[in-house]
Amino acid sequence: MMNGHGARLDSILSHLGGTLLEEVAGRIDPAVVVTDVVIDERHGDEPLRPGAVLLCAGADAGDIPALLERAVAGGAAAVVLRGPLALDGGARTAVENSGVVLLALTRGASWAQLVVLLRSLLSSSVIGGAGEELLAGFPAGDSFALANAIGALLDAPITIEDRDSQVLAFSGRQDEADQTRIQTVLGRVVPQHARHAQERAGVFTRLYASEKPIFVDTPLIEGVAGLPRVAMAVRAGDQVLGSIWVAVPSPLNSEKEQMLVDAAKVVALHLLRHRVGVDVDRQVRADLIATALGEGPAAPEAIERLRLAGRPVTVMAMAVSEMTTASAAGAPTSRQLLERTADALSFHLSVVTPGSVAALVGDVCYAIVPSPAQGADADDLPEKAQSAARDFLQRASDGLTGVVLGIGRAVDSSGPADLARSRHDADRTLRVLRQRPGRRIARYAEVQVDALLLDIGDLLRSEGGLLDGPTERLRTYDRENGTALVETLTAWLDSLGNVLGASASLDVHPNTFRYRLRRAAEIAGTDLNDPGKRFAAMLELRVMRADSP
C-alpha cells in the first residue's frame, strides 16, 4: 500500500486515460478522490482505505464479482484489471450498481509503469512537494543522469527525444558524434533538414512499428558526413512517447540491443512522470491565470500566488487561427501544436520579460506581462510587450501559421476589475486581427476604433440589423440595378469630399463622379452637406466594412 495526498479520479484518468488506463464500466464521479494504490494479490485480505485503487494483476473478468465485493466493503474508488475486458450485461450492471469504477490496463502497458505514475499523481512532489522521488534508481527530475547511464552502458553518445524530435536529455561525449548531433544538442531539437531526411526515408514509420531497435544508415545528410544511428521507440502501452537515438559506427550487438530495449522501459517511466508533472503544472498555472483574469472573488488570491500583486501589468492574448501538420507518422496534432506554441511563448516571455506568466486557457494563450518592478512607470509597458511579441513571432515554428497577438492596456494588478479590462482589450484586439489578415500583432490603443465598429455591428445585428439606413438603401439599389453608388459614396467620404482624388481612385471622370454622387444622395435620401448625416453614412459604411473580413 502506498499513501499519498490524494488526487481526483477524473483528473487521474485525464492524465493516464488512453496511455495506461481505459474506462470499462461505472460512472466517474468528479467528487471521488483517490488516496491509495493497492496491489491486490489473488484473494488478498489487506484492508483498504476509502478511495483506494485496487490493482488486480492476476485477475480476469470472472473474478469481477468477488473483486467488487471487496472494493465496496473497503470503500475503494476503482478496480483495475488487465485489458482488454469484455463484460456481459450482468457484469456491467453489477459494476454500475456497485458505485465502483472498473478500469483496464491498456494492452502492452506494464503494472510497474502504472504504479509509478499513480504514485506520482498521489504525491505532493508532482506539484513541488518536498522529497526526491526515484524512478528505477534515478531521480525523477534528472533525465540527464539517466541519459548518461544509458550512454555508458552502450559506450556511445545518446539523446532522448520526444515525438516532435525535441531533445529532452542527452549524455556526455556528444563531441564524438557528428555535426548534425552537435546542432541537435545545441538547438535542443533535431535540425529541420535532418528531420525531413528521416521522414523521406521512412525512418519514423519503421521506428514506431518496431518493438526492437532499428539501424538507420545515414552517413550523409545534405552533404554533411555523419555517423549512423540506432533508434529505439519509447512506449507506454501502444502509445509512443518518444525515442532514444544512439550515434554509432555500426549496428549494436545482441547484448547491447537488449540493454537498449530494457533502457527504453526505464525512460518510459521518466517520460510519463515528466509528462504528468508538466501537465499538472500547466493546469495549475492555467487555472490561476484564468482566475486572475476573471474578476471573481478568488482573483486577488490568484494574483498574489502568481506574484503579480502591486505591479503594473498588461495582458497579452495569442491565438492560432490556422495550423498545418505534417503528414508523416508521429506528426503532432493541431492541439499539440497549439500547446507547444503556448509553451514557447511562455518560455520566451520568461526570458525577455522576467516575472511574466502565460498559459493556454481554452484556445487562447493568455500572458500577464508585468513591469520590471513595483512602482515602475507603466506607460510604455504595452509597447514593450508588443516588442517582445514581435521578437517571438520572428522565432515562431515553421509548422504554424496564422499566429496573432493582441495586447491590452497597462493596468494595476491589484485591481481585479482592471486586470479583467486588460484581458477584454486583448480579446477585442485578437478579433480585429482575425478580421484583418496580414497584421499579426497590435496593441488595443492601435485598433480601438476598429474594435468599437465590430461592437456596433454586434449591437445592430442583435436589434435586427441596419434597418432602412441611407447606405442600406443604396446597397439595395446597387444590387437591383447593377450600379456602384455605394462605392462612389465610400470613395468620396474616404477622400474627405475631394472629388478629384475620389474620382481618380475609381478611375472615373470627375464630372461622371459628381453625377453619381448626386444620384447617390437622392436615392439614399440624405443631405451630404449636413455634417451629422455625413457622419451617419460614414459610420454605416465603416460598420459594413468591419463586418466583412
Can you name the closest pair of heavy atoms from [X] and [Y] and give their distance?
{"X": "Leu430", "Y": "Ala319", "value": "CD1-CB, 4.0 Å"}
{"X": "Ala156", "Y": "Ala247", "value": "CB-O, 3.6 Å"}
{"X": "Val24", "Y": "Ala104", "value": "CG2-CB, 3.6 Å"}
{"X": "Ala77", "Y": "Val34", "value": "CB-CG2, 4.4 Å"}
{"X": "Leu207", "Y": "Arg235", "value": "O-NH2, 3.7 Å"}
{"X": "Arg181", "Y": "Pro157", "value": "NH1-O, 3.3 Å"}

Kindly indicate whether the side chain of [X], heavy atoms from C-beta on, has any atom under 4.5 Å from the side chain of [Y].
{"X": "Val80", "Y": "Val53", "result": "yes"}
{"X": "Leu260", "Y": "Leu154", "result": "yes"}
{"X": "Met232", "Y": "Val261", "result": "yes"}
{"X": "Val185", "Y": "Val167", "result": "no"}
{"X": "Gln198", "Y": "Val216", "result": "no"}
{"X": "Val79", "Y": "Leu55", "result": "no"}
{"X": "Pro50", "Y": "Thr35", "result": "no"}
{"X": "Leu308", "Y": "Ile368", "result": "yes"}

Return the [atom1] to [atom2] distance between [X] and [Y], rounded to the nearest 0.5 Å.
{"X": "Arg70", "Y": "Cys56", "atom1": "CZ", "atom2": "SG", "answer": "8.0 Å"}
{"X": "Phe392", "Y": "Leu349", "atom1": "CZ", "atom2": "CG", "answer": "8.0 Å"}
{"X": "Glu295", "Y": "Asp418", "atom1": "CD", "atom2": "CG", "answer": "9.0 Å"}
{"X": "Arg8", "Y": "Asp29", "atom1": "CZ", "atom2": "CG", "answer": "9.5 Å"}
{"X": "Cys365", "Y": "Leu360", "atom1": "SG", "atom2": "CG", "answer": "6.0 Å"}
{"X": "Glu23", "Y": "Asp10", "atom1": "CD", "atom2": "CG", "answer": "9.5 Å"}

Is a side-chain donor or acceptor of [X] paired with a backbone partner of [Y] at a separation under 3.5 angstrom?
{"X": "Ser422", "Y": "Leu419", "value": "no"}
{"X": "Ser346", "Y": "Ala342", "value": "no"}
{"X": "Arg206", "Y": "Phe215", "value": "yes"}
{"X": "His348", "Y": "Ala388", "value": "yes"}
{"X": "Asp60", "Y": "Gly62", "value": "yes"}
{"X": "Arg229", "Y": "Leu227", "value": "yes"}
{"X": "Arg82", "Y": "Ala59", "value": "no"}
{"X": "Ser243", "Y": "Val234", "value": "no"}
{"X": "Asn148", "Y": "Gly172", "value": "yes"}
{"X": "Arg285", "Y": "Ala358", "value": "yes"}

Show your reasoning for whether salt bridge (Lys or Arg N to Asp or Glu O under 4.0 Å) applies to Asp164 and Arg195. CA-CA 9 Å; Asp164 298 331; Arg195 169 84 183 192; 5.6 Å; no
Are more than 12 heavy atoms, taken from residues, nucleotides or ligands other than Glu301, located less than 6.0 Å from that residue's CD atom? no
Determine whether more than 12 heavy atoms belonging to other residues, nucleotides or ligands lie under 6.0 Å from atom CD of Glu257. yes
Output, in order, the C-alpha distance, side-chain angles, deciding distance and verdict of side-chain contact (heavy atoms from CB on, under 4.5 Å) for Ile158 and Ile160. CA-CA 7 Å; Ile158 75 147; Ile160 300 173; 4.2 Å; yes
Going through the distances and angles, do Gln258 and Asp262 end up as a side chain to side chain donor-acceptor pair (under 3.5 Å)? CA-CA 6 Å; Gln258 187 57 47; Asp262 294 338; 3.0 Å; yes
side-chain contact (heavy atoms from CB on, under 4.5 Å) between Arg428 and Arg431, intermediate numbers included: CA-CA 5 Å; Arg428 295 173 75 194; Arg431 185 183 179 192; 5.6 Å; no
Partner of Ile441 by side-chain contact (heavy atoms from CB on, under 4.5 Å), out of Leu433, Val404, Leu405: Leu405
Among Leu85, Leu13, Leu81, which one satisfies side-chain contact (heavy atoms from CB on, under 4.5 Å) with Leu103? Leu13
Report the C-alpha distance between Asp425 and Val315 in whole Å, list the side-chain angles of each, state the deciding distance to 0.1 Å, and finish with yes or no for side-chain contact (heavy atoms from CB on, under 4.5 Å). CA-CA 8 Å; Asp425 292 346; Val315 176; over 6 Å; no
By side chain to side chain contact (heavy atoms under 4.5 Å, CB included) - contacts of Asp427 (at least two apart): Ala317, Tyr366, Arg423
Verify side-chain contact (heavy atoms from CB on, under 4.5 Å) between Ile64 and Leu87, making sure each step is shown before the conclusion. CA-CA 10 Å; Ile64 289 177; Leu87 302 186; 3.3 Å; yes
Does this structure show an ion pair linking Arg92 with Glu96, if we count only N-O contacts that are shorter than 4.0 Å? no
Test: Arg163 cationic atom under 6.0 Å from Phe204 six-membered ring centre, within 45° of axis: no
